[in-house]
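Model, not experiment: these values are computed from the prediction. Only heavy atoms go into these numbers, but all of them, side chains included; no hydrogens, no water, no symmetry mates.
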Amino acid sequence: MRSVDLIQKKRDGGELTASELTYLIDGYCRGDIPDYQMSAWAMAVFFQGMTAEETAALTLAMAASGDQVDLGPISGIKVDKHSTGGVGDKTTLILAPLVAAAGVPVAKMSGRGLGHTGGTIDKLESIAGFRTELTRERFIAQVNELGAAVIGQSGNLAPADKKLYALRDVTGTVESIPLIASSVMSKKIAAGADAIVLDVKTGSGAFMKTVAHSEELAKAMVDIGTEVGRHTAAVISDMDQPLGYAIGNSLEVIEAIATLKGEGPEDLTELCLALGAHMVVLGGKAPSIEAARELLRGLIEDGTALAKLRAFIAAQGGDPAIVDDPSTLPQAPLRIEVTATEGGYVHAIEAEQLGIAAMLLGAGRATKEAEIDYSVGVMLTKKTGERVDAGEVLAVLHAREQDRKTAEVVERVRNAYAIQAERPAARPLLLSVVTADGITRYAE
């Protein structure tokens with residue numbers, strides 16, 4: 001078998017076999033296949049695409065390139081959740097205890113953030129003492145005892161994906177749907193879950209800017225899951241504005257706590273109920289999405305989910321007292337108001353710009369080596385569709401100091417808001433659901 005023959009085969013629209021794809025991935029990881037040949041193959045895939053069978057075979061080859069987590073010792077159906085990324089996305093902080101309270105084990109590996117705000121692990125580490133590195137034995141035991149554990153992703157989980165992504169990033173092939181889908185799913189499959197729920201973001205603050213492209217990506221990932229025997233569902237959700245009001249690590253922890261108390265933002269609550277309902281159904285704890293939603297609502301209303309959050313924090317070394325007194329989380333010393341220069345209605349909010357603003361304050365990393373300031377971020381006071389008067393506060397910066405950079409952040413946040421005279425038409429948060437049975441659109 002020769003790499004050049006496989007490159008030509010894909011270039012000409014042929015379908016590669018599982019053994020051919022394994023040969024490419026294994027050879028690239030060993031260093032036998034050079035970057036220039038793998039780049040040519042990735043570009044051929046970019047233009048020719050891949051079948052569902054090819055994409056599944058590629059995913060399995062990448063998953064097999066490193067550690068594969070065996071969750072067999074955990075009783076029950078293990079359901080994982082993955083988001084394609086967004087601004088203010090703190091759903092894992094809510095879903096882990098909420099879904100565990102419903103009896104579905106959540107054994108989750110999460111990552112750190114690069115750009116925008118921190119990742120799930122960074123947010124959890126804003127809780128003093130919280131440990132995100134557990135031994136495999138303790139990880140398994142905690143899920144069996146408590147129903148939930150969230151740890152940092154293994155450095156050797158799907159290393160082929162890490163190497164291939166770095167190559168795609170500099171060869172103009174990042175946007176290939178099969179390569180994106182296999183990148184996401186290789187890590188999910190290596191992490192060992194029995195079923196997977198995907199939150200695929202769409203809009204200005206997401207990687208996929210249109211619903212059509214988001215549904216295409218969701219279908220590719222669901223097809224992979226189905227092909228390899230993992231029950232998979234994807235929810236397409238709007239990211240034309242931040243999720244909730246908080247952007248920043250400890251700020252998002254506070255908002256997650258409020259949501260589990262039944263006091264969270266409407267959009268964040270709605271998305272968590274939608275994703276959680278799919279997790280509960282796939283976990284075999286409810287016969288339908290509607291029944292699962294009612295179960296989860298009840299667990300929030302009666303305090304069971306909040307009690308699970310306390311136990312989850314304590315089990316991983318954090319102080320559960322923050323649930324009752326979130327003010328003990330890291331607090332930035334300054335509050336800087338961003339006011340509107342004109343009156344009207346908020347027509348749009350450039351979510352990505354607000355994410356960058358939070359990063360510039362110190363809530364995210366511009367480089368892998370950068371330190372995160374857990375206390376800083378942006379708290380919105382106005383969202384799309386709301387009335388605002390000239391001089392009224394749009395958002396509040398939680399900042400470490402007031403300097404030239406902070407003044408630039410104020411302008412960035414202000415300019416992220418588009419204010420017009422007429423109220424905009426409402427845009428739904430939940431757009432569609434993709435399963436092995438097809439696509440169901442909420443608007444239909």
Review point. Looking at R441 and E215, does any basic side-chain N land under 4.0 Å from a carboxylate oxygen?
Key: yes
Please list, one pair per line, the donor and acceptor atoms closer than 3.5 Å that link side chains of residues 279-288 to other protein atoms, with sequence neighbours excluded.
unit_1, atom_1, unit_2, atom_2, d
S288, OG, A291, N, 3.1

Review point. What's the spacing between R412 CZ and L397 CG if we round to 0.5 Å?
Key: 12.0 Å
Practice item. Please tell me if the side chains of T84 and L198 come closer than 4.5 Å, counting only heavy atoms from C-beta onward. Key: no
Exercise for review: Determine, step by step, whether F312 and L124 satisfy the side chain to side chain contact (heavy atoms under 4.5 Å, CB included) criterion, reporting the C-alpha distance in whole Å, the side-chain angles of both residues, the deciding distance to 0.1 Å, and the verdict.
Suggested key: CA-CA 11 Å; F312 164 62; L124 287 170; 4.2 Å; yes
Check your understanding: Is the backbone N or O of L394 less than 3.5 Å from a side-chain atom of Y417, with the two atoms forming a donor-acceptor pair by type?
Key -> yes
Review point. Using a distance-only test with no angle check, is there a side-chain donor-acceptor pair under 3.5 angstrom linking K108 and T92?
Key: no
Review point. Between I254 and Q331, is a side chain to side chain contact (heavy atoms under 4.5 Å, CB included) present by the stated rule, with each step listed?
Key: CA-CA 11 Å; I254 293 169; Q331 302 282 315; 4.1 Å; yes
Review point. Which residues satisfy the side chain to side chain contact (heavy atoms under 4.5 Å, CB included) test with P330, sequence neighbours excluded?
Key: S250, Y374, S375
Review point. When rounded to the nearest 0.5 angstrom, what distance separates CD1 in I196 from OG1 in T232?
Key: 4.5 Å
Review point. Is the number of heavy atoms from other residues, nucleotides or ligands under 6.0 Å of H231 NE2 greater than 12?
Key: no
Check your understanding: Out of curiosity, E270 CD to S237 OG, how far, rounded to the nearest 0.5 Å?
Key -> 11.0 Å
Check your understanding: Checking D267 side chain against G244 main chain: does a donor-acceptor pair fall under 3.5 Å?
Key -> yes
Review point. Would you call E145-R138 a salt bridge at under 4.0 Å N-O?
Key: yes
Revision key, fill the gap. The complete set of salt bridge (charged side-chain N to carboxylate O under 4.0 Å, His left out) pairs with one or both residues in residues 301-320, sequence neighbours excluded, reads R310-D324
Check your understanding: Do K201 and S83 have side-chain atoms, one donor and one acceptor, less than 3.5 Å apart?
Key -> no
Check your understanding: If you look at every heavy atom in L380 and P242, which pair is closest and at what distance?
Key -> CD1-CG, 3.9 Å
Check your understanding: Distance-only, no hydrogens or angles: does the E255 side chain make a donor-acceptor pair with backbone N or O of A246 under 3.5 Å?
Key -> yes
Point to revise | pair I236-M208: side-chain heavy atoms closer than 4.5 Å | key: no
Exercise for review: Taking all non-hydrogen atoms of both residues into account, name the closest pair between N249 and D373 and its distance.
Suggested key: ND2-O, 4.1 Å
**Study point:** Sub-4.5 Å side-chain heavy-atom contact between I322 and V253
**Key:** yes
Review point. Do the non-hydrogen side-chain atoms of L430 and V235 ever get within less than 4.5 Å of each other?
Key: yes
Exercise for review: Please report the shortest heavy-atom distance between A101 and T304, naming the atom on each side.
Suggested key: CB-CG2, 4.1 Å
Check your understanding: Distance-only, no hydrogens or angles: does the T173 side chain make a donor-acceptor pair with backbone N or O of A42 under 3.5 Å?
Key -> no
Exercise for review: Looking only at non-hydrogen atoms, find the nearest pair between I177 and A220 and report the distance.
Suggested key: CG2-CB, 3.8 Å
Listing, residues 338-350 side-chain donor-acceptor contacts under 3.5 Å, not counting sequence neighbours, or none:
unit_1, atom_1, unit_2, atom_2, d
H347, ND1, Q420, OE1, 3.4
H347, NE2, E422, O, 2.5

Practice item. For residues I372 and A363, report the shortest heavy-atom separation together with the two atoms involved. Key: CD1-O, 3.6 Å
Exercise for review: For side chain to side chain contact (heavy atoms under 4.5 Å, CB included), just list the numbers for L360 and E408, CA-CA rounded to whole Å, side-chain angles, deciding distance to a tenth of an Å, and then say yes or no.
Suggested key: CA-CA 9 Å; L360 293 172; E408 292 172 358; 6.0 Å; no
Practice item. Please round to the nearest 0.5 Å and tell me the distance separating atom CD of E125 and atom OG1 of T120. Key: 11.0 Å
Per-pair distances, 0.1 Å, donor-acceptor, side chain in residues 185-193, under 3.5 Å, sequence neighbours excluded:
unit_1, atom_1, unit_2, atom_2, d
S186, OG, S182, O, 3.1
S186, OG, S183, O, 3.0
K187, NZ, D161, OD2, 2.8
K187, NZ, S183, O, 3.0
K188, NZ, D80, OD2, 3.1

Check your understanding: For T91, does its backbone N or O pair with a side-chain atom of D89 as donor and acceptor, under 3.5 Å?
Key -> yes
Review point. Just wondering, do H278 and I289 contact through their side chains at under 4.5 Å, heavy atoms?
Key: yes
**Study point:** Rounded distance [0.5 Å steps], CG in L93 versus CG in L260
**Key:** 9.0 Å
Exercise for review: Apply side chain to side chain donor-acceptor pair (under 3.5 Å) to the pair D403 and T406, showing each step before the final yes or no.
Suggested key: CA-CA 5 Å; D403 55 15; T406 312; 2.8 Å; yes
Practice item. Output yes when a side-chain donor or acceptor of Q241 lies under 3.5 Å from a complementary backbone atom of T384, and no otherwise. Key: yes
Practice item. Report yes if the side chains of I25 and M38 come closer than 4.5 Å at any heavy-atom pair, otherwise no. Key: yes
Practice item. Mark yes when over 12 heavy atoms from residues, nucleotides or ligands other than E337 sit less than 6.0 Å from its CD; otherwise mark no. Key: no
**Study point:** Presence of salt bridge, R414 and E411, under 4.0 angstrom
**Key:** yes
**Study point:** Worked check of side chain to side chain contact (heavy atoms under 4.5 Å, CB included) between L429 and Y442
**Key:** CA-CA 10 Å; L429 172 69; Y442 282 95; over 6 Å; no
Check your understanding: Are any non-hydrogen side-chain atoms of S39 and L167 less than 4.5 angstrom apart?
Key -> yes
Review point. For the residue pair L329 and S126, what are the closest heavy atoms and their distance?
Key: CD2-O, 3.6 Å
Check your understanding: Does the T435 side chain pair with the main chain of A233, one donor and one acceptor, at a distance under 3.5 Å?
Key -> no
Study note, to complete from the structure: Residues pairing under salt bridge (charged side-chain N to carboxylate O under 4.0 Å, His left out) where one sits in residues 168-178, two or more places apart or in two chains, turn out to be none
Review point. For the atom pair CZ (R335) and NE2 (H398), what is the distance rounded to the nearest 0.5 Å?
Key: 4.5 Å
Point to revise | L268 vs I94 side-chain heavy atoms within contact, under 4.5 Å | key: yes
Exercise for review: Check for a donor-acceptor pair, side chain of E263 on one end and backbone N or O of T259 on the other, with a separation under 3.5 Å.
Suggested key: no
